Amino acid sequence: MELVGPVIEVAKCICNPVALYVGYVKNLKKNFIKLNEKASELYNMRDDVKLAITTNRAGMIPTAQCESWLKEVEDIEKKMDEMEENYKEAKSKCVKGLCPNVFSCMKFGKHVVVMIEDINDLMGTFAFDKGVLANAPMKAVEIVPAPRVRADSSTDRTVQKILDCIRDEHTQKIGIWGMGGVGKTTAMKILNNVPEISEMFAVVIWVTVSKDWTTRKVQNEIAQRLNITLPEDMSNDAVSRRLFEKLKNIRYLLLLDDVWDKVDLEDVGVPAPSLENGCKVLLTSRSRGICNKMETDLEIRVEVLSEEEAWELFHKKVGDVIDLSMIQPLARGIVEECGGLPLAIIVVGGALRKETDIHVWQNALNELSMAATSHIEDMEIVVFKRLKFSYDRLKDDNMRSCFVYGALYPEDYMIDVAELIEYWRAEGYIEGARNLKEARSKGRTILKDLVDVSLLERCYKEDQEKECVKMHDVIRDLALRITSHDGGEGQKFLARSGKGLEEPPEEQEEWECANGISLMHNKLAWLPEWVDCPALTTLFLQGNYELRTIPDLFLEGMPTLRVLDLSGTSIEQLPPSLCSLTSLRGLYLNDCRHLGSLPPEIGSLKSLEVLYLDKHSRIRNLPVEIGELGRLQHLRVSFYHNINDDMNHEVQRMIPYGGVSRLTRLQDLRIEVDNEDRRWDEIVEVVTEEIGALKELSCLDFCFASVEHLKRFIHISRPWNNGLLKSFCFIVSHPRGDFLSYISYELSQQKLPQLDQYMIFENGYTIPDVIVEVLKHAEGFILLKNKSFEKLEQLGVENLTRLKFFLIAMCDSVRTLIGGGCKLPNLEELRISMLSNILDIWDCNSSLMPPLLGNLRVLILEGCSKLKYVFPRGVLPHVPNLEVVDVSSCDKIQQIIEEEIKNSPLSKLKTLKLDGLYNLDCICEGVISWPSMELVSILACSKLKRLPFHNDNAPSLKTIQCHEAWWDSLEWEDDAIRNRYQSFFTPQKR
């Protein structure tokens, strides 16, 4: 009996593992199903991470922890593919539950259980300590738009002089000076883009100083360039120390443009340039005295244009009309009067463009000749008189008012075109427009005329993809002189924008006579209790983030006010004196993050046509009085950021009953909601009915909580059915409550082409008929996480003819996106993101006549893990106009162009970006021409050893961005070719 206990224990030791292994076989099917479910959860988490990466690509890269986690998920996915095959094989060998190779099944069953544990562990590390994204390494040079100049022109000579000074190791500070409009900034821009500069310095920092500079403004621009985030409450001294620590071991070139006074670099935090550190400072100023104050080692004066260059520029601006025998002598006289100043030549030339009336030319010469004061040393006075000629030539007072309105903005400010036209319309400068569309059209015509005569210049906010204009600082000075208190004519402005003011101006007389007051983008924390402004029509206070209170009577003395912008302030409520603004047409409250509600007095604004409460506003609900705004034409409201706030407040309807239907003149309506705000579920059906009843609606941004709501709107809306709803963005989410609703919102606001009709459909199980119906009228379509979508043909080829932009993400049923018969004649941009099962983008039938995508210009492809080729055989003839190809995180791509070709199939391609293509070993076979290629960026493509460039087959190439170690490892046919392309190389830090 003494042996029984030990025997039993031995038996347990033997039986327990046996039972465990028997369980592996017995529960194999159940465990494998569980494994697939866990893998699916993991892939969803992976997809969310990748989407977060791809939607925030500007200036950001994945953290090392995030990349490691994604690599582990990739390994799991590969193992899952193998296990799927092994499981099918095991099932095929088992008959009625009996497996001939029990030991093999046991081993496989154990592997399944271990994989489940591995996936659970990997999911447990999903919350990255250092987040998903980190700041991308800074580029040595940020290329800026700059004109091309011919060799040996005055600008080219200036740039060469500056380069010679930079090359001289004993010259640390260089001053570039000359009168306003002579071309100092142009020379700096061209210098910034010279490839040699990126080779000489680790980082080039451009700071526009301007007249209203502050130490903190300069510090902020440098910090932004260095990817440093500065807390708002950090002192200037603390910022200075932080910048110094960052820059002390970096060889920098600091470009200070438009300096009006001494900038103390030590106070800013910039280490002094020296022979030892190799750093340089280059500044531009209108005054040589400022250069001396900045202790420059050498000063270079930017000379005016030669007679030949001046004539050439004038000819280019005016056109061939100056070759007419009766006009040419007058034209030469006018060029002489402009004194070789580029800005004056451009502005005066713009005013006379294609003018054939000889009397106009004679009058122009007479006016400019009378203004001539050659004995005056201050050429600025002469310049203003030349430029005012163009102002006087504007066709009417309305256009002149539109021009000077730009002076209300800060110096060097990029003015949003749509916003500016809105203000013009509210001010009454755009006459005769019956509706929103006509007003915008007329506004753009005025804008074009002002740009054509060079009183405004076009620019572009790349980070927001917004069309903008701005005023040259000399032109702005002209506008401010015209509108000054003693300007002698027209409107009067009190413009103190962007000057860092902490207190409002005290000059009561300036307040009293002003038609326009701009105190925007300052640090005002308070306003006067009351001011008398009987003639005031525009008041700009936006961007004063420290302003929390508006005194109760502040608005009472502004009976003629038409435009009031309080956006970006910290006001918590609007004052009772709001009710006195009976002439107000435009009220802008965007980004007022502390403003939770509107007061009942809003109903007193009987003239109000525009009310904006979007872009990060925290309005909880609209008051009942909103329905009293009978003339309201534009309403934009965001309920997007106040879900948590409602926990502390009585729950109220976001929009009161009848609040929309009573606004019978509404033309433009945007309502943004948070998908987690369940108050929207309670009212969306009613609001849909009210919107459907609006008869003048031409622009609508709206989130339909279900397909049924969209269907109801389409059925009852007269503007939709009559084709009057020209602009729309419909977000349809079914079912609601998914993470992607937020992504949809972000996508609808940023980084999308400027199109008038968008449809966003997410989380659908099918493609309902009403979605297809809307798609017939859409220029942009975003399809996210659809369960059944397989290829574009499902939508009906005839319904895609208007489509210019298509983005598809996380639709796992897609294998081939575009079939051979799917002709998309207007598609310009195609973005494909995280289609985990896609094998081919297109299946172009060679029997069909190309091109199928003849207008496609941009192809962005990311996170498609099973794709092997971007352009398989037979595709290239169908995409002849591609300009941008951007491919990232597609692990299995081996080759960009599959077939060997000897002609130039991508003759218009300008930009090629490849990132994270770990199996890519070839871009294309054979030697082809790349006549338009300007930029190539290749990162994390370790197997790629050769670039497709030989001798002269890429004549337009300017930049090759890549890591230095990869560049050094590249293989070339010979050293001559390598040396040829070496000058284009721009190193990217890891």
Side-chain angles (χ1 to χ4, degrees), residues 51 54-58 460-467 727-731 743-744 746-762 774-784 789 791-792 795 797 799-811 814 817-819 822-835 838 840-842 844 850-864 867 870-871 875-876 878-890 896 905-915 932-935 937:
L51 187 60
T54 56
T55 53
N56 296 277
R57 294 180 65 182
Y460 195 71
K461 282 186 181 177
E462 291 191 4
D463 58 331
Q464 300 178 27
E465 297 198 356
K466 283 188 176 180
E467 182 186 3
S727 176
F728 63 84
C729 179
F730 295 161
I731 302 178
I743 297 299
S744 298
E746 291 294 315
L747 289 171
S748 69
Q749 302 302 311
Q750 301 179 40
K751 305 299 181 186
L752 296 182
Q754 296 295 312
L755 301 176
D756 290 327
Q757 298 101 15
Y758 269 106
M759 160 63 73
I760 301 175
F761 183 43
E762 62 181 0
V774 174
L775 192 55
K776 292 178 183 177
H777 307 276
E779 295 178 314
F781 183 37
I782 298 174
L783 183 64
L784 303 173
F789 183 81
K791 58 175 58 180
L792 272 171
L795 304 173
V797 176
N799 300 321
L800 305 173
T801 55
R802 297 189 75 249
L803 209 59
K804 295 181 179 179
F805 171 85
F806 180 44
L807 184 155
I808 181 170
M810 289 179 286
C811 296
V814 176
L817 179 62
I818 304 173
C822 190
K823 193 158 187 172
L824 303 172
N826 291 308
L827 191 66
E828 296 177 0
E829 183 167 341
L830 174 62
R831 300 189 194 178
I832 302 171
S833 181
M834 285 171 286
L835 301 189
I838 189 171
D840 294 294
I841 302 172
W842 23 50
C844 290
L852 297 182
L853 294 91
N855 270 324
L856 190 66
R857 287 171 174 77
V858 178
L859 173 64
I860 299 177
L861 182 63
E862 50 204 0
C864 297
L867 204 63
V870 178
F871 302 107
V875 168
L876 287 175
H878 296 281
V879 287
N881 290 306
L882 265 179
E883 295 178 4
V884 176
V885 173
D886 186 341
V887 187
S888 61
S889 302
C890 297
I896 303 300
L906 295 173
S907 61
K908 296 185 179 179
L909 190 67
K910 296 180 180 179
T911 300
L912 176 64
K913 293 185 177 182
L914 308 174
D915 187 358
S932 303
M933 186 76 79
E934 296 178 359
L935 168 66
S937 176

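No experiment lies behind these values; they were computed from the predicted model shown. Each residue takes its place number in the sequence, starting with 1. All heavy atoms count here, side chains included; hydrogens, waters and symmetry mates do not.
Screening L807, V814, I841, L867 for a side-chain contact (heavy atoms from CB on, under 4.5 Å) involving I832 leaves a single residue, I841.
At least one donor-acceptor pair closer than 3.5 Å links the side chain of N826 to the backbone N or O of T801. Remark: side-chain polar atoms of R831 are not paired, donor with acceptor, to backbone N or O of I860 under 3.5 angstrom. In this structure, the side chain of W842 does not engage the main chain of H878 through any donor-acceptor pair within 3.5 Å. A donor-acceptor contact shorter than 3.5 Å links the side chain of N855 to the backbone of P825. Side chain of S932 to backbone of S907: a donor-acceptor contact under 3.5 angstrom is found. S727 places a side-chain N or O within 3.5 Å of a backbone atom of D756 that can act as its donor or acceptor partner.
The side-chain heavy atoms of L935 and K913, taken from C-beta on, include a pair separated by under 4.5 Å. Annotation: side chain of L775 is not in contact with side chain of F761 (no heavy-atom distance under 4.5 Å). With a 4.5 Å cut-off on side-chain heavy atoms, F728 and V774 count as touching.
N881 and K908 share a side-chain donor-acceptor pair at under 3.5 Å.
Atom CG of residue L830 and atom CD1 of residue I818 lie 5.0 Å apart, to the nearest 0.5 angstrom.
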Salt bridge (Lys or Arg N to Asp or Glu O under 4.0 Å) assessment of K910 paired with E934: CA-CA 5 Å; K910 296 180 180 179; E934 296 178 359; 5.2 Å; no
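Ring planes of Y758 and F805: perpendicular class, angle over 60° (limits at 30 and 60°).
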